[in-house]
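Shown next, in structure tokens, is the structure this report addresses.
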Number of protein chains: 2
Amino acid sequence: MSDFDVFLADCPARTTLALVGDTWSVVVIVALGERPRRYSELLERIGGISKKMLTQTLHKLERNGLVEREAPVYALTDLGASLLGVVGALAGWAEEHTDALLDAQSSVA
Amino acid sequence: MSDFDVFLADCPARTTLALVGDTWSVVVIVALGERPRRYSELLERIGGISKKMLTQTLHKLERNGLVEREAPVYALTDLGASLLGVVGALAGWAEEHTDALLDAQSSVA
DNA sequence: CAGGATCCTCGAAGATACTG
DNA sequence: CAGTATCTTCGAGGATCCTG
């Protein structure tokens with residue numbers, strides 16, 4: 001986009017976020033990380049997701065090679081499974097710093 | 001939210017994403033990870049961000065204890081710096097799997 | 001059951017202009 | 001320089017109804 005990459009706007013971390021930074025992708029990946037699942041299983045396992053968003057999220061993940069579909073059953077591809085480590089990093093950070101986050105928010109509120 | 005946490009909708013990974021999953025937070029964190037910076041420095045270092053979004057993002061990060069402000073200079077807190085590892089994981093995954101991602105997308109396009 | 005099609009809302013983000 | 005204030009657009013995501 002820009003003349004040089006002196007700018008950070010196209011930081012590679014954002015590539016990953018573009019893939020899983022939306023509301024549901026990470027949750028779907030975690031659910032499929034447990035094991036392959038049928039559409040209806042995913043709906044109740046995840047909870048709170050609409051059918052529209054589940055379908056849409058699965059298709060997006062499929063287009064990007066993270067999920068493969070066979071009949072109504074979805075599973076992570078190897079590429080998708082490789083994301084579980086990243087998701088773990090996200091979750092690990094949140095759990096590790098729960099207290100610090102609550103402190104920070106309450107001291108401003 | 002739900003009766004039990006049998007559902008994944010409140011997956012802890014989403015806590016982190018709620019913090020840095022937006023368009024600019026990660027980029028600001030990376031820029032401040034290099035060193036503390038003034039507002040105007042951030043604007044040109046990042047590139048493509050509007051003043052409104054920079055201010056807004058900085059304030060959000062400050063509210064959550066990730067960034068501290070002194071005069072017009074912003075810096076990461078320890079909590080903020082602890083996120084650099086997570087950001088690295090995101091960026092690392094993207095760089096490691098660039099080819100696989102391009103393949104997947106082109107084979108569907 | 002596994003979706004697709006439609007309509008609607010709401011907030012993220014940009015553009016622009018103004019201020020101490 | 002370091003913001004604040006407005007206006008607007010655009011798309012994510014929910015709700016509802018329809019279908020093989």
Side-chain angles (χ1 to χ4, degrees), chain A residues 1-2 7-11 13-32 35-64 66-76 90 105 108, chain B residues 1-2 7-11 13-32 35-64 66-76 108:
Chain A
M1 289 301 179
S2 35
F7 294 146
L8 290 178
D10 53 358
C11 168
R14 288 187 57 187
T15 304
T16 308
L17 284 177
L19 240 58
V20 301
D22 57 53
T23 310
W24 295 112
S25 290
V26 156
V27 186
V28 169
I29 288 171
V30 170
L32 291 179
R35 60 183 169 77
R37 287 180 187 274
R38 298 175 58 95
Y39 185 86
S40 52
E41 277 184 293
L42 286 169
L43 267 183
E44 42 180 66
R45 175 71 184 108
I46 291 175
I49 192 175
S50 63
K51 290 196 291 182
K52 173 189 166 188
M53 288 315 298
L54 179 56
T55 303
Q56 190 172 304
T57 303
L58 285 168
H59 285 9
K60 172 188 170 184
L61 296 176
E62 193 183 5
R63 273 200 317 277
N64 287 282
L66 304 175
V67 158
E68 61 190 353
R69 174 191 185 186
E70 191 152 353
V73 176
Y74 295 85
L76 289 184
L90 292 168
Q105 287 158 359
V108 182
Chain B
M1 291 302 178
S2 35
F7 294 146
L8 290 180
D10 53 359
C11 168
R14 287 188 56 188
T15 304
T16 308
L17 284 177
L19 240 58
V20 301
D22 57 53
T23 310
W24 294 112
S25 290
V26 156
V27 187
V28 169
I29 287 171
V30 170
L32 292 179
R35 60 183 168 79
R37 285 179 189 274
R38 298 175 60 95
Y39 185 86
S40 52
E41 277 184 293
L42 286 169
L43 268 183
E44 42 181 65
R45 175 72 184 108
I46 292 176
I49 192 175
S50 64
K51 291 195 290 182
K52 173 190 164 187
M53 288 314 298
L54 179 55
T55 303
Q56 191 171 302
T57 303
L58 286 168
H59 285 7
K60 173 189 170 183
L61 296 176
E62 193 183 3
R63 273 201 315 277
N64 288 282
L66 304 176
V67 158
E68 61 190 353
R69 174 192 185 184
E70 190 152 353
V73 177
Y74 295 85
L76 289 184
V108 183

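Each chain gets a letter, A, B and so on, in the order the sequences are listed, and its residues count up from 1.
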Between [N] atom [atom2] and [X] atom [atom1], what is the distance in whole Å?
X	N	atom1	atom2	answer
E41(A)	dC1(C)	CD	C1'	13 Å
R37(A)	dG3(C)	CZ	C1'	19 Å
L43(B)	dA2(D)	CG	C1'	9 Å
Q56(B)	dA15(C)	CD	P	14 Å
I49(B)	dG3(D)	CD1	P	13 Å
L58(A)	dG4(C)	CG	P	10 Å
D22(A)	dG14(D)	CG	P	11 Å
R14(B)	dA12(D)	CZ	C1'	13 Å

Choosing from [options], which nucleotide comes nearest the side chain of [X]?
X	options	value
M53(B)	dG14(C), dA2(C), dG3(D)	dG14(C)
T55(A)	dG4(C), dA12(C), dA2(C)	dG4(C)
H59(B)	dG13(D), dA2(C), dT4(D)	dT4(D)

N/O (side chain, [X]) to phosphate O (OP1/OP2, [N]) under 4.0 Å:
X	N	value
T23(A)	dA12(D)	no
S50(B)	dA13(C)	no
R69(B)	dG3(D)	yes
R38(B)	dA2(D)	yes

If every non-hydrogen atom of W24(B) is compared with every non-hydrogen atom of R14(A), which pair is closest and at what distance? CZ3-NH1, 3.6 Å

Looking only at heavy atoms, which two atoms of C11(B) and V27(A) are closest? And how far apart? CB-CG2, 4.5 Å

Do L61(B) and Y74(B) come within less than 4.5 Å of each other through their side chains, counting heavy atoms only? no

Y74(B) or K51(A), whichever maps to the more 5' nucleotide of DNA chain D: Y74(B)

Taking for each residue the nucleotide of DNA chain D with the nearest heavy atom, is it Y39(B) or K52(B) whose nucleotide lies nearer the 5' end? Y39(B)

Using the test side-chain hydrogen bond (donor to acceptor under 3.5 Å, both in side chains), find all partners of T57(A) that sit at least two apart in sequence or belong to another chain. none

Identified side chain to side chain contact (heavy atoms under 4.5 Å, CB included) partner of R37(B) from the options I46(B), L42(B), L43(B): L42(B)

